[in-house]
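In what follows, a structure is listed as structure tokens, so that the remarks can point back to it.
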2 protein chains.
Amino acid sequence: MIEIKTEIFLGDSKDILKDIGENSIDLIVTSPPYADRRKNTYGGIKPEKYVEWFLPISKQLLRVLKPTGTFILNIKEKAEDGERHTYVIELILELRKQGWLWTEEFIWHKKNCYPGKWPNRFRDAWERCLQFNKTKKFDMYQEEVMVPIGDWANGRLKNLSETDKIRDNSRNGSGFGKNISNWLNRKEVYPTNVLNFATVCNNKNHSAAFPEELPEWFIRLFTKEFDWVLDPFAGSGTTLTVAKKMKRNSIGIEILPEYVDMVRETIQENQFFLFETKEKYGQSKSF
Amino acid sequence: MIEIKTEIFLGDSKDILKDIGENSIDLIVTSPPYADRRKNTYGGIKPEKYVEWFLPISKQLLRVLKPTGTFILNIKEKAEDGERHTYVIELILELRKQGWLWTEEFIWHKKNCYPGKWPNRFRDAWERCLQFNKTKKFDMYQEEVMVPIGDWANGRLKNLSETDKIRDNSRNGSGFGKNISNWLNRKEVYPTNVLNFATVCNNKNHSAAFPEELPEWFIRLFTKEFDWVLDPFAGSGTTLTVAKKMKRNSIGIEILPEYVDMVRETIQENQFFLFETKEKYGQSKSF
DNA sequence: GTTCCGCATGAATCGATAG
DNA sequence: ACTATCGATTCATGCGGAA
């Protein structure tokens, strides 16, 4: 049996990344601290300084990624003084200048988004998952994230609430009703570039940037077993935990010691559950 | 009874717009020809030339819009040679330089997007609806687009405990307490910035850029009756048709004569249905 | 085992007030 | 004038205990 390696390093990604060999990582999936967010833990990066702060890190990411690898960047710009900030779209342009290909933009649709009411805007229910690549020939295992149509038809349609049916507003039969017959003789369908995951809001000790489903989906899509996954902003270690459960090697970098300690404990714990949870992560594809 | 005016002009928006008075339009909602798309109808604008082509038009749009008005731009960059084009995000940056405020980015989630399969990407199921404003004090009628409350309310709001009825602002200063009693008689909640509209799949020879629900939603949100709505790329006239049904005055501009003829016929037709459809568009709010 | 119910909490944003 | 802090507003979900 081949051992799965899961490592977490304490320090600044800009520095630590230099110790990782070039062309060695299959997938980078991360959610960096957003501008002016998490001030109490990360100090908060000023929006005007965000691109400048990120580029040295992404330069290293470009170096360590395999030519067939993928970089997924989960990020969302804040609204301030009535406007959306532009640092994220400026970052896209700068990353391309750095040599990255901007392959795709996935939308993470958060149904249970933050509450609140303002006179000039509604609640923000989505985030960007930007896909960047080093070359046009990257690995993509589309079949791994297919949605079983049986489950979709039975589960999704059955679970669809009455309000969902009203909200989704499938007028003149162009929604579920009309097209369902097309899927009767198929077993699975490919997903789209809009992903639905609920945010995590547990009453436990810490908060995670994204739910486990998010890195799980991208790991399944862009890696196979024993590949290497990197999260340069590991935080509470969601990416590493999921990678380990899915039998991928992983490396995390985190600047806050308390998070690093926590991740190390989590990794230890998971070893006991590795075999119990294998089935869940290996076969469910429950999207 | 006040008459509703619906006008369609034949010509290039860059020129025709100069005949419209400044500060006279309450809402601009449009879906311009996408770069390199609809070559057979519009001649196709090269992606590299897109921003340059659009800016003279948006300059006029800025002039004709009221200070309290809103500009909704429905657009999506195409994928070419394995990459997403950057002309849309470059356009956002240039529009800000022109004086526009980039207030928000709505996501139009197309649940029944076009089928297809590619080795390097999934089906594209979303488009941007970019909101721009002239000032920070724009009109917004949020109550007009409220949606039914989620099912969670059914089971949970029946019996409120005493602690539910008092505000509880304690705990880690996260800011949010609860006052569930606010929702006791609540049947509707505010929507988010993710919109679900099914695409129209008609096999006519003209390209309907968006379904009626899309302009209807923004017209309801940003205008009241007898306000003025403008679509500088009217196409088959969806915006005008909806505006008329909703008792808003409207102006359309379209460069192709056959579209203009078609729109004029449609407008005539709708006059017979004005009173029949009033109820549907005035009261349904079926989102 | 299920289902139901109480409860905590979340990458938020604006406007007013204070330094 | 410009920045920092504080108060107000709000909806969906998972967890855990009870029925």
Side-chain angles (χ1 to χ4, degrees), chain A residues 30-48 50 73-85 87-88 108-129 159 161 163-164 167 196-214 233 235-236 238, chain B residues 103-104 136-138 140 142 146-184 186-194:
Chain A
T30 195
S31 190
Y34 298 177
D36 275 350
R37 297 283 169 239
R38 303 195 162 184
K39 275 179 189 162
N40 45 349
T41 48
Y42 285 95
I45 299 107
K46 285 270 181 296
E48 313 84 57
Y50 200 85
L73 180 61
N74 166 230
I75 196 165
K76 182 64 192 267
E77 55 270 57
K78 63 177 296 198
E80 190 179 274
D81 200 20
E83 265 196 289
R84 284 278 161 204
H85 264 279
Y87 57 88
V88 172
W108 171 23
H109 179 12
K110 303 183 285 186
K111 259 193 82 175
N112 62 335
C113 62
Y114 220 87
K117 183 185 183 319
W118 310 274
N120 58 343
R121 65 179 66 250
F122 290 131
R123 292 171 296 143
D124 192 3
W126 63 279
E127 295 189 13
R128 306 179 196 276
C129 291
N159 291 337
S161 68
T163 46
D164 270 345
R167 287 178 171 192
N196 281 283
F197 303 124
T199 56
V200 279
C201 57
N202 47 14
N203 43 7
K204 299 295 183 188
N205 39 9
H206 65 276
S207 65
F210 41 54
E212 292 195 356
E213 285 88 348
L214 198 143
F233 305 98
S236 54
T238 309
Chain B
T103 307
E104 181 58 304
K136 282 162 192 164
K137 294 287 180 187
F138 55 88
M140 194 178 194
Q142 299 190 355
M146 291 184 82
V147 296
I149 196 168
D151 285 337
W152 60 273
N154 289 338
R156 300 192 176 201
L157 294 182
K158 286 171 187 167
N159 310 341
L160 288 181
S161 66
E162 285 306 309
T163 48
D164 274 341
K165 290 174 184 167
I166 61 171
R167 196 163 180 88
D168 178 15
N169 265 333
S170 59
R171 287 288 188 268
N172 75 6
S174 73
F176 271 83
K178 60 184 156 73
N179 190 353
I180 303 256
S181 58
N182 280 351
W183 294 315
L184 255 185
R186 188 71 70 86
K187 288 284 188 293
E188 295 183 313
V189 299
Y190 294 101
T192 70
N193 58 359
V194 177

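Hydrogens, waters and symmetry mates play no part in the numbers below; they use all other heavy atoms, side chains included. Residue numbers start from 1 in every chain, and the chains themselves are labelled A, B, ... in the order their sequence lines are given, proteins ahead of strands.
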Item to check | Sugar-phosphate, base or nothing in reach of A/P32, heavy atoms under 4.0 Å | outcome: base
Checklist entry - Can you check whether A/R37 has a side-chain N or O nearer than 4.0 Å to OP1 or OP2 of C/dA12? => result yes
Next on the checklist: Please classify the nucleic acid contact of A/S31 as base, sugar-phosphate, or nothing, using heavy-atom distances under 4.0 Å.
Outcome noted: base
Checklist outcome for this item: The reported gap from CZ in A/F210 to OG1 in A/T30 (rounded to nearest 0.5 angstrom) is 6.5 Å
Checklist entry - A/Y114 OH to D/dA8 C1': how many Å, rounded? => result 13 Å
Next on the checklist: Please report the distance, rounded to the nearest Å, between CG in A/L214 and P in C/dG10.
Outcome noted: 19 Å
Checklist entry - Counting side-chain heavy atoms from CB outward, which of C/dA11, D/dT13, C/dA12 is closest to A/E127? => result C/dA11
Next on the checklist: Between A/D124 and A/Y114, is the side chain to side chain contact (heavy atoms under 4.5 Å, CB included) condition met? List the steps.
Outcome noted: CA-CA 7 Å; A/D124 192 3; A/Y114 220 87; over 6 Å; no
Next on the checklist: Is it the case that the side chain of A/N120 and the backbone of B/K137 share a donor-acceptor pair, with hydrogens and angles ignored and the cut-off at 3.5 Å?
Outcome noted: no
Checklist outcome for this item: Separation of D/dA12 atom P from A/N196 atom CG, nearest Å, is 14 Å
Checklist outcome for this item: Rounded to whole Å, CG of B/N193 lies from P of C/dA11 at a distance of 16 Å
Checklist entry - Taking the nucleotide of DNA chain D with the closest heavy atom to each, which residue, B/Y190 or A/T199, is nearer the 5' end? => result B/Y190
Checklist entry - Is the shortest distance from a Lys or Arg side-chain nitrogen in B/K136 or A/E83 to a carboxylate oxygen in the other one below 4.0 Å? => result no
Next on the checklist: To the closest 0.5 Å, what do you measure between SG (A/C129) and CG (A/L214)?
Outcome noted: 4.5 Å
Checklist entry - Between atom CD in B/Q142 and atom C1' in D/dT9, what is the gap in whole Å? => result 12 Å
Checklist entry - Is C/dA11 in the syn range, within 90° of 0, or in the anti range? => result syn
Checklist entry - Does a side-chain N or O from A/R128 land closer than 4.0 Å to OP1 or OP2 of C/dA11, or not? => result no
Checklist entry - Which residue, A/N112 or A/D124, contacts DNA chain C at a nucleotide closer to its 5' end, judged by nearest heavy atom? => result A/N112
Item to check | Selection from D/dC11, D/dT13, C/dA11 that lies nearest to any side-chain heavy atom of B/V189 | outcome: D/dC11
Item to check | Donor-acceptor contact present, side-chain A/K78 to main-chain A/H85, <3.5 Å | outcome: no
Next on the checklist: Measure CD/A/E212 against C1'/D/dG14 and give the value in whole Å, please.
Outcome noted: 13 Å
Checklist entry - Tell me: CZ of A/R84 to C1' of C/dT13, nearest whole Å? => result 9 Å
Between N or O atoms, less than 3.5 Å apart, protein on one side and nucleotides 14-19 of chain C on the other: list the pairs.
{"unit_1": "C/dC14", "atom_1": "OP1", "unit_2": "A/G82", "atom_2": "N", "d": "3.4"}
{"unit_1": "C/dC14", "atom_1": "OP1", "unit_2": "A/N120", "atom_2": "ND2", "d": "3.3"}
{"unit_1": "C/dC14", "atom_1": "OP1", "unit_2": "A/R121", "atom_2": "NE", "d": "3.1"}

Item to check | Side-chain heavy atoms of A/T199 within contact of A/E127, under 4.5 Å | outcome: no
Checklist outcome for this item: So OH of A/Y87 and CG of A/D36: to nearest 0.5 Å the spacing works out to 7.5 Å
Next on the checklist: Rounding to an integer number of angstrom, what distance separates D/dT9 and C/dA11 when you compare their P atoms?
Outcome noted: 22 Å
Checklist entry - For A/K110, which contact category applies under a 4.0 Å heavy-atom criterion: base, sugar-phosphate, or nothing? => result nothing
Item to check | Exam field: side chain A/R123 to backbone B/Y190, donor-acceptor pair closer than 3.5 Å | outcome: yes
Next on the checklist: Check whether B/Q142 reaches the backbone of A/P119 with its side chain - one donor and one acceptor, N or O, closer than 3.5 Å.
Outcome noted: yes
Checklist outcome for this item: Listed range with range, the stems formed with DNA chain D by at least 3 consecutive Watson-Crick or G-U pairs (under 3.5 Å) are C:2-10 with D:11-19, C:12-19 with D:2-9
Checklist outcome for this item: Among the nucleotides D/dT13, C/dG10, C/dA11, whichever has the atom closest to the side chain of A/K111 is D/dT13
Checklist outcome for this item: note: A/H85, atom NE2; C/dT13, atom P; distance rounded to Å ~ 10 Å
